[in-house]
Novice: 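Here you go, one structure.
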Number of protein chains: 2
Amino acid sequence: MRRAVTIQDVARRAGVSTATVSRALALPDQVTDATRQSVMSAIRETGYTPNAAARSLRAKSTKMVLVLLPGIGNSFFTPVLNALEEVFSEGGYGVLIGYTRQNRSRETHYARVIRAGQVDGVLVVTGNVPRDEEFVAVPATVPMSLMFSELPGTAQFSVFDVANRTASATMVRYLIEQGHRRIACIPGAEGSLESDERLAGYQEALSAAGLPIDPDLIWRGASNFDFISGERAAARYFALAEKPTAVFAAADEIALGFMRALKNHGIRIPEDVSVVGFDDTEYAVHYDPALTTMRQPRTEMGRLAARDLLRRMEAKGEAVPTSHVRLPCELVIRESVRPLV
Amino acid sequence: MRRAVTIQDVARRAGVSTATVSRALALPDQVTDATRQSVMSAIRETGYTPNAAARSLRAKSTKMVLVLLPGIGNSFFTPVLNALEEVFSEGGYGVLIGYTRQNRSRETHYARVIRAGQVDGVLVVTGNVPRDEEFVAVPATVPMSLMFSELPGTAQFSVFDVANRTASATMVRYLIEQGHRRIACIPGAEGSLESDERLAGYQEALSAAGLPIDPDLIWRGASNFDFISGERAAARYFALAEKPTAVFAAADEIALGFMRALKNHGIRIPEDVSVVGFDDTEYAVHYDPALTTMRQPRTEMGRLAARDLLRRMEAKGEAVPTSHVRLPCELVIRESVRPLV
DNA sequence: CCAAAACTTGTAATCGATTACATCTACTGT
DNA sequence: ACAGTAGATGTAATCGATTACAAGTTTTGG
């Protein structure tokens with residue numbers, strides 16, 4: 001581990017003071033052409049790169065963002081993280097990731113990272129906003145934003161989400177238009193905001209169409225939006241005497257797990273039962289049958305959220321208006337629904 | 001943005017010097033019980049958290065690791081990143097992610113991050129080791145490791161990979177044992193080490209069994225290990241007069257894309273053609289038919305790589321032996337191969 | 001040709017923590 | 001009772017960059 005090159009080394013080599021080196025880099029036209037040249041070549045010769053810690057200490061800014069993810073290994077977040085990294089690193093910010101794993105002690109850990117001034121901003125990408133008390137103090141320290149979730153009654157952070165209820169209602173209405181009357185729902189991760197909203201949308205659409213809400217057709221109890229939840233829901237399907245003709249799963253992976261379990265028992269989709277999902281993840285289109293689903297613009301949401309946070313981080317001290325952006329979902333019709341007409 | 005609490009504030013409040021506060025935290029038994037108590041309660045009252053930049057500057061260590069990913073949005077890396085974050089954050093290190101996107105300028109960017117002393121270690125998780133000249137200097141500065149890839153002739157970094165060639169040969173031998181004689185190969189991302197090795201394993205197994213290597217059955221030209229590559233390979237299949245009875249895809253997503261394209265044309269798997277993949281990603285088991293594949297222990301590899309890097313980062317200055325760990329793959333037999341006997 | 005303005009560069013304080021060294025107190029053993 | 005030592009705490013240097021202010025130099029205008 002060689003000693004690193006410092007600004008002192010460059011200054012000595014170029015025959016100037018450290019202040020001049022610093023200026024040659026940060027404020028090039030406050031310095032003579034000649035000095036800038038010699039500073040630059042000294043930098044090139046020594047291979048100097050300004051030390052990040054020293055800079056952060058003085059500037060009180062680390063040029064880093066903390067992205068908090070639930071970290072259940074769900075590939076739903078892959079394109080989101082991709083978009084975030086793209087925009088942030090383009091804006092000169094590094095991306096520190098933190099998986100909370102719905103775990104209090106890990107939330108506390110990351111709250112401490114924030115308080116240590118290790119990041120200039122925080123982006124919470126999860127339905128479960130950290131409950132740690134330490135987090136209530138965060139927005140006073142650094143800008144913070146929420147994605148795919150909402151915390152009612154706070155203008156402290158920007159929020160980027162979709163109209164889960166409306167979108168779910170649209171989806172169920174579509175099933176009704178296709179002639180379905182007996183529609184089941186797998187609402188996904190119990191207690192999550194998305195789950196609640198999507199279930200509400202399902203009920204709303206049924207009621208609006210004058211259809212009854214049958215508790216036997218609401219298959220709760222999932223702890224996540226994953227395959228296993230779909231597989232478990234299949235047991236509910238088989239246990240039922242009077243089967244539904246369509247199933248609305250609150251996430252694509254749930255739908256896929258459900259379909260897989262049904263196909264294992266020789267049930268055909270969509271011939272025997274129609275299935276729809278939510279999210280439009282990568283696998284929805286490649287599955288057989290290709291899944292009809294509600295697309296969440298994940299990449300775009302990531303870009304918008306990142307740009308907003310970027311703007312707020314740069315606006316040092318000034319009034320920082322937060323925003324609540326609710327993006328439209330799009331019904332993507334594929335092959336997993338059979339019209340009953 | 002309130003001014004943050006510093007060690008000065010705590011010292012003043014506890015009526016001691018900053019040195020004592022620092023010691024009360026770092027070396028608790030060099031301090032009287034009484035002073036420690038009063039320092040601790042001053043910390044609690046003020047809500048003090050040591051500033052990361054100041055600490056890094058002095059200690060010449062940031063407690064951060066840079067994880068470099070290709071960033072093609074491939075969910076192959078999801079469990080790897082998960083495992084890395086788990087082990088690193090448990091070890092007190094933050095995880096900075098960087099998507100190189102096979103892009104020179106982004107590699108340069110991250111080389112600069114390393115040289116700025118922003119991280120204590122680097123983990124390259126990609127088949128394509130950065131080619132930027134700046135990277136050759138990295139191992140002299142901080143420990144660096146490679147996952148899923150290898151750079152021949154360097155003992156400078158630890159390597160964690162699988163025996164791609166042997167594993168591929170095993171897979172193809174399995175197909176031969178099942179009675180297949182005409183076996184095609186979709187080798188995946190052109191020019192990548194994994195691709196080359198897996199293709200070599202395929203050829204090795206054929207030769208060992210005395211079977212001819214038919215260039216018409218090697219469907220090159222993929223730029224990635226993704227669905228689209230599989231779909232494109234399907235065109236090669238259809239164009240062929242004498243079809244293969246089995247296809248070895250160098251990645252699960254390629255296999256899935258290929259199967260999907262075939263099924264679209266009414267071809268049944270495995271009845272009409274057998275298909276196998278490589279990796280055992282989440283979707284292999286949930287697809288219909290469930291995919292026979294070669295499991296790479298991604299989570300375990302992530303854990304091992306992280307622990308190794310952790311060890312090397314902690315061993316300040318001392319002799320740091322690097323390791324080359326080659327983990328075994330496991331043939332996972334599911335439903336996508338039909339025995340020809 | 002000289003004072004004022006504009007420009008360039010240097011000196012030194014600063015950011016917040018850690019730590020070598022100095023100092024002071026209390027205790028030990030003879 | 002006193003030198004010697006161990007233990008607790010304080011003082012101040014240090015890490016590497018940025019920047020307010022000072023000082024020196026050049027240009028401008030009358």
Side-chain angles (χ1 to χ4, degrees), chain A residues 1-40 42-43 46-63 112-113 115-118 120 141 316, chain B residues 1-40 42-43 46-63 112-120 141 316:
Chain A
M1 317 289 138
R2 273 197 327 277
R3 197 180 77 72
V5 180
T6 74
I7 199 170
Q8 316 279 348
D9 303 323
V10 176
R12 206 171 310 124
R13 181 162 201 130
V16 297
S17 74
T18 62
T20 302
V21 175
S22 181
R23 280 190 284 252
L25 283 168
L27 313 148
D29 35 49
Q30 270 189 31
V31 142
T32 323
D33 273 10
T35 21
R36 193 178 45 248
Q37 303 272 315
S38 78
V39 167
M40 287 310 181
I43 287 175
T46 53
Y48 166 72
T49 308
N51 179 281
R55 180 174 276 184
S56 296
L57 179 57
R58 188 76 233 263
K60 292 190 174 311
S61 142
T62 57
K63 292 279 177 184
R112 196 160 300 138
V113 166
R115 279 218 325 239
Q118 215 162 138
D120 292 348
T141 321
K316 310 206 128 201
Chain B
M1 315 287 140
R2 273 199 326 279
R3 198 182 76 73
V5 179
T6 75
I7 198 170
Q8 317 279 348
D9 302 324
V10 177
R12 205 170 311 123
R13 182 165 199 126
V16 297
S17 73
T18 62
T20 301
V21 176
S22 181
R23 279 190 285 253
L25 283 167
L27 312 148
D29 36 51
Q30 271 188 32
V31 141
T32 323
D33 272 10
T35 20
R36 193 177 46 249
Q37 305 272 315
S38 78
V39 167
M40 287 311 182
I43 287 176
T46 54
Y48 167 72
T49 308
N51 178 282
R55 179 175 275 183
S56 296
L57 179 57
R58 188 76 232 261
K60 291 187 174 313
S61 143
T62 56
K63 291 282 178 182
R112 195 159 302 138
V113 166
I114 297 166
R115 277 217 326 240
Q118 214 162 139
V119 295
D120 292 349
T141 320
K316 311 207 125 200

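Below, read A as the first sequence line, B as the second, and so on, with proteins coming before strands; counting in each chain starts at 1.
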Novice: Rounded to the nearest angstrom, tell me the gap between atom CZ in B/R55 and atom C1' in C/dG16.
Specialist: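 Result: 11 Å.
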Novice: Can you name the closest pair of heavy atoms from A/A24 and A/M40 and give their distance?
Specialist: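 Scanning both residues completely, I find the closest heavy atoms to be O-CE, 3.7 Å.
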Novice: Any N/O pairs under 3.5 Å between the protein and nucleotides 19-25 of chain D? List them or say none.
Specialist:
residue: D/dT19; atom: O4'; partner: A/R58; partner atom: NH1; Å: 3.4

Novice: Any side-chain N or O of A/T32 below 4.0 angstrom from OP1/OP2 of C/dC7?
Specialist: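 A/T32 to C/dC7 OP1/OP2: no side-chain N or O under 4.0 Å.
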Novice: B/V5 and side-chain contact (heavy atoms from CB on, under 4.5 Å): which partner among B/I43, B/T49, B/T46?
Specialist: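 Only one option passes, and that is B/T46.
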Novice: Verify the contact: side-chain N or O of B/Y48 to OP1 or OP2 of C/dG16, cut-off strictly under 4.0 Å; return yes or no.
Specialist: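 For C/dG16, OP1/OP2 do not have a side-chain N/O of B/Y48 under 4.0 Å.
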Novice: Between A/D120 and A/T62, is any side-chain donor less than 3.5 angstrom from a side-chain acceptor?
Specialist: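 Judged by distance alone, the side chains do pair up.
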Novice: If you only use heavy atoms from C-beta on, which nucleotide in C/dT11, D/dG10, D/dA17 is closest to the side chain of A/S17?
Specialist: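 Output: C/dT11.
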Novice: So does A/Q8 get a backbone contact from the side chain of A/T6, meaning a donor-acceptor N/O pair under 3.5 Å?
Specialist: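 Present.
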Novice: Side chain to side chain contact (heavy atoms under 4.5 Å, CB included), that's the test. Do A/Y48 and A/L25 meet it? Break it down for me.
Specialist: CA-CA 11 Å; A/Y48 166 72; A/L25 283 168; 3.9 Å; yes
Novice: Can you sort out which residues in residues 5-16 of chain B have a heavy atom within less than 4.0 Å of DNA chain D? Ascending by number, please.
Specialist: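 Only B/G15, B/V16 qualify.
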Novice: Which whole-number value in Å describes the distance from A/Q118 CD to C/dC15 P?
Specialist: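 It works out to 21 Å between those atoms.
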Novice: Show the nearest heavy-atom pair for residues B/S56 and A/A53, with the distance to one decimal.
Specialist: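 The answer is CB-CB, 3.7 Å.
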Novice: Within the structure shown, what part of the strands sits under 4.0 Å from B/T35 by heavy-atom distance: base, sugar-phosphate, or nothing?
Specialist: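 Counting heavy atoms under 4.0 Å across all strands, the contact made by B/T35 is with sugar-phosphate only.
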Novice: When you measure from the side chain of B/T35 to the backbone of B/V31, do you find a donor-acceptor pair of N or O atoms at a distance under 3.5 Å?
Specialist: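 Answer holds: no.
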Novice: Take B/D29 and B/L57, find for each the nucleotide of DNA chain D with the closest heavy atom, and name the residue whose nucleotide sits nearer the 5' end.
Specialist: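 The answer here is B/D29.
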Novice: Establish, with yes or no, whether the OP1 or OP2 oxygen of D/dG16 is under 4.0 angstrom from a side-chain nitrogen or oxygen of B/K60.
Specialist: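 It does, given that an N or O in the side chain of B/K60 lies less than 4.0 Å from OP1 or OP2 of D/dG16.
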Novice: NA contact type, B/V21, heavy-atom cut-off 4.0 Å: base, sugar-phosphate, or nothing?
Specialist: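 Result for B/V21 = nothing.
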Novice: Under 3.5 Å, is there a donor-acceptor pair between the side chain of B/S22 and the main chain of B/T18?
Specialist: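 Pair absent, no side-chain N/O of B/S22 close to backbone of B/T18.
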Novice: Are any non-hydrogen side-chain atoms of A/R36 and A/D33 less than 4.5 angstrom apart?
Specialist: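 In short, these two side chains touch, coming nearer than 4.5 Å.
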